[in-house]
Amino acid sequence: MGAAPTSTEDIGLDMFDAEAIARPHRFYALLREQAPVVWSEQARSWILTRYEDVKRVLRDHETFSSVRSEERRIGRKSGLLPEQVAPPGTPNMLGADRPDHTRLRVVLRQDFIPSRIGRWQSRIEAVCDQTVRGVAGRDSYDVVKGVAEPLPVTVIAELLGIPSELGVQFKRWSDAAIEPVAPNATDDDVRARNALITEFRDYLTDRIEERRVAPTEDLIGRLVAAEGEGELNQAEVLSAVNLLLLAGNETTTNLISNAVLALATQPEKQAQLRERPDLIDPAVEEFLRYDGSVQYTSRTVTKPVSFHGQTVAAGEAVIVVLASANRDPRVFERPDELDFERPRSPNKHIGFGDWIHICLGQFLARIETRAALRALLGEFDDFELAIPEDDIPYRPNFNLRGPRYLPIRERQV
Ligand code: HEM
């Protein structure tokens with residue numbers, strides 16, 4: 001390789017390319033070493049890949065704003081409704097700065113602390129047992145459809161107070177909301193997606209209205225009560241329900257699937273977890289580092305800043321690649337190795353982000369992932385992939401990255 005790349009286009013990175021989605025780490029390694037700050041025309045953003053730079057951005061929420069501009073949306077087609085179902089401009093905590101961020105987060109903070117969310121553990125284990133029991137006898141069991149998708153949808157629906165039988169419908173709505181629409185999408189694709197977003201909004205609005213008439217103790221009920229006390233407005237309630245449904249689904253699905261894929265292809269790691277069940281918690285942290293499910297997040301720069309001699313102007317966007325930072329050899333020894341006993345304790349990964357926007361659902365996601373892995377390790381003596389690893393299809397989403405289909409079976413000798 002000659003001169004250092006100055007754009008992601010120079011290294012052939014296309015975020016809609018299936019091969020790049022399946023194997024992004026070689027791009028990250030190249031950028032991290034040769035071009036730690038680089039422009040992406042496709043994302044219309046600066047891309048940062050080193051741990052130190054990513055941390056700097058996440059920890060300085062005044063210089064790096066979370067309020068999203070239209071410019072920052074990758075693959076935004078004209079005529080496409082925003083994935084956010086609340087009226088345009090309504091803040092949710094993920095896309096808000098202080099003081100709005102604090103106000104919006106405080107309402108839900110207590111519901112997601114370990115002691116409160118921990119009460120869901122036995123329910124989560126029951127869902128896993130029910131979905132996984134008996135599957136080891138099959139020729140092939142799809143982990144995605146079997147447990148990784150239904151578990152988080154069921155749990156978040158129950159937390160919100162929505163019938164979990166609607167799981168399949170939710171999945172359609174949530175896919176429509178989070179999957180980027182490719183630049184070559186047709187007008188029909190755009191219309192179909194808009195129709196799903198409208199359906200989703202109407203459904204959530206009805207559930208909120210019901211609680212105005214008859215208060216409930218579930219999360220929607222608590223948000224409606226906060227509205228009654230003047231802490232949120234009507235649109236912010238809808239926006240918060242929407243955010244919880246979207247933020248907690250695909251992310252957890254992909255973490256579970258990515259972890260199972262790693263265990264299926266690294267039998268010695270699978271054996272280690274069976275022999276040492278006490279390693280399950282550090283293992284979940286290591287999966288978040290090694291193959292976490294959110295590749296990046298983004299911010300808008302509020303005043304000129306410099307990274308490695310490159311000035312980034314106020315108003316420009318930066319993408320911070322968490323998945324690359326988590327494999328930065330400056331911070332993690334043998335970063336491409338899965339190691340449940342990493343010498344650095346606690347694991348310094350930033351798979352859940354960092355600082356004021358650190359994942360609200362992190363304790364829930366950990367309980368769900370742990371329970372799903374335990375159930376699968378208990379059900380199978382030793383599982384392997386039922387198709388070659390190279391044939392695993394990925395969802396068409398560079399950011400929320402994970403397999404669309406992950407068939408496993410008892411290892412054949
Ligand atoms: C493995 C699963 C998950 C991963 C990897 C993940 C990752 C993340 C990351 C990286 C952020 C920070 C984004 C930023 O700074 O811009 C975030 C924020 C957030 N996550 Fe998660 N998440 C997961 C599961 C969940 C679950 C289960 C829920 C809720 C039910 C949830 C709710 C949220 C919310 C509400 C925020 C916004 C917090 C704020 O802005 O203050 N997440 N998540």
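Whatever order the structure lists them in is the order used to number ligands and atoms, beginning at 1.
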Anything under 3.5 Å between a donor and an acceptor, one on a side chain of residues 20-30, the other on a protein residue two or more places apart or in another chain? List them.
unit_1 : atom_1 : unit_2 : atom_2 : d
Arg23  : NE     : Glu19  : OE2    : 3.0
Arg23  : NH2    : Glu19  : OE1    : 3.2
Tyr28  : OH     : Gln295 : OE1    : 2.6

Using residues 368-380 as the side-chain source, report each donor-acceptor pair under 3.5 Å to any protein atom, sequence neighbours left out, with the distance given to one decimal.
unit_1 : atom_1 : unit_2 : atom_2 : d
Thr369 : OG1    : Ala365 : O      : 2.8
Arg370 : NH1    : Asp281 : OD1    : 3.0
Arg370 : NH2    : Gln121 : OE1    : 3.3
Glu379 : OE1    : Gly134 : N      : 3.2
Glu379 : OE2    : Gly134 : N      : 3.2
Glu379 : OE2    : Val135 : N      : 3.0
Glu379 : OE2    : Ala136 : N      : 2.8

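Between Val294 and the choices Leu288, Leu255, Thr251, Asn254, the side-chain contact (heavy atoms from CB on, under 4.5 Å) rule is met once, by Thr251.
Asn92 and Glu236 share no side-chain donor-acceptor pair at under 3.5 Å.
A distance limit of 4.0 angstrom between heavy atoms and ligand 1 selects the residues Met93, Leu94, His101, Arg105, Phe112, Ile156, Leu243, Ala247, Gly248, Thr251, Thr252, Leu255, Ser293, Val294, Thr297, Arg299, Leu322, Gly351, Phe352, Gly353, Ile356, His357, Cys359, Leu360, Gly361, Leu364, Ala365.
Counting only residues at least two apart or on different chains, no salt bridge (Lys or Arg N to Asp or Glu O under 4.0 Å) pair has a member in residues 238-249.
Counting non-hydrogen atoms of other residues, nucleotides and ligands closer than 6.0 Å to CD of Glu52 gives a total of 12 or fewer.
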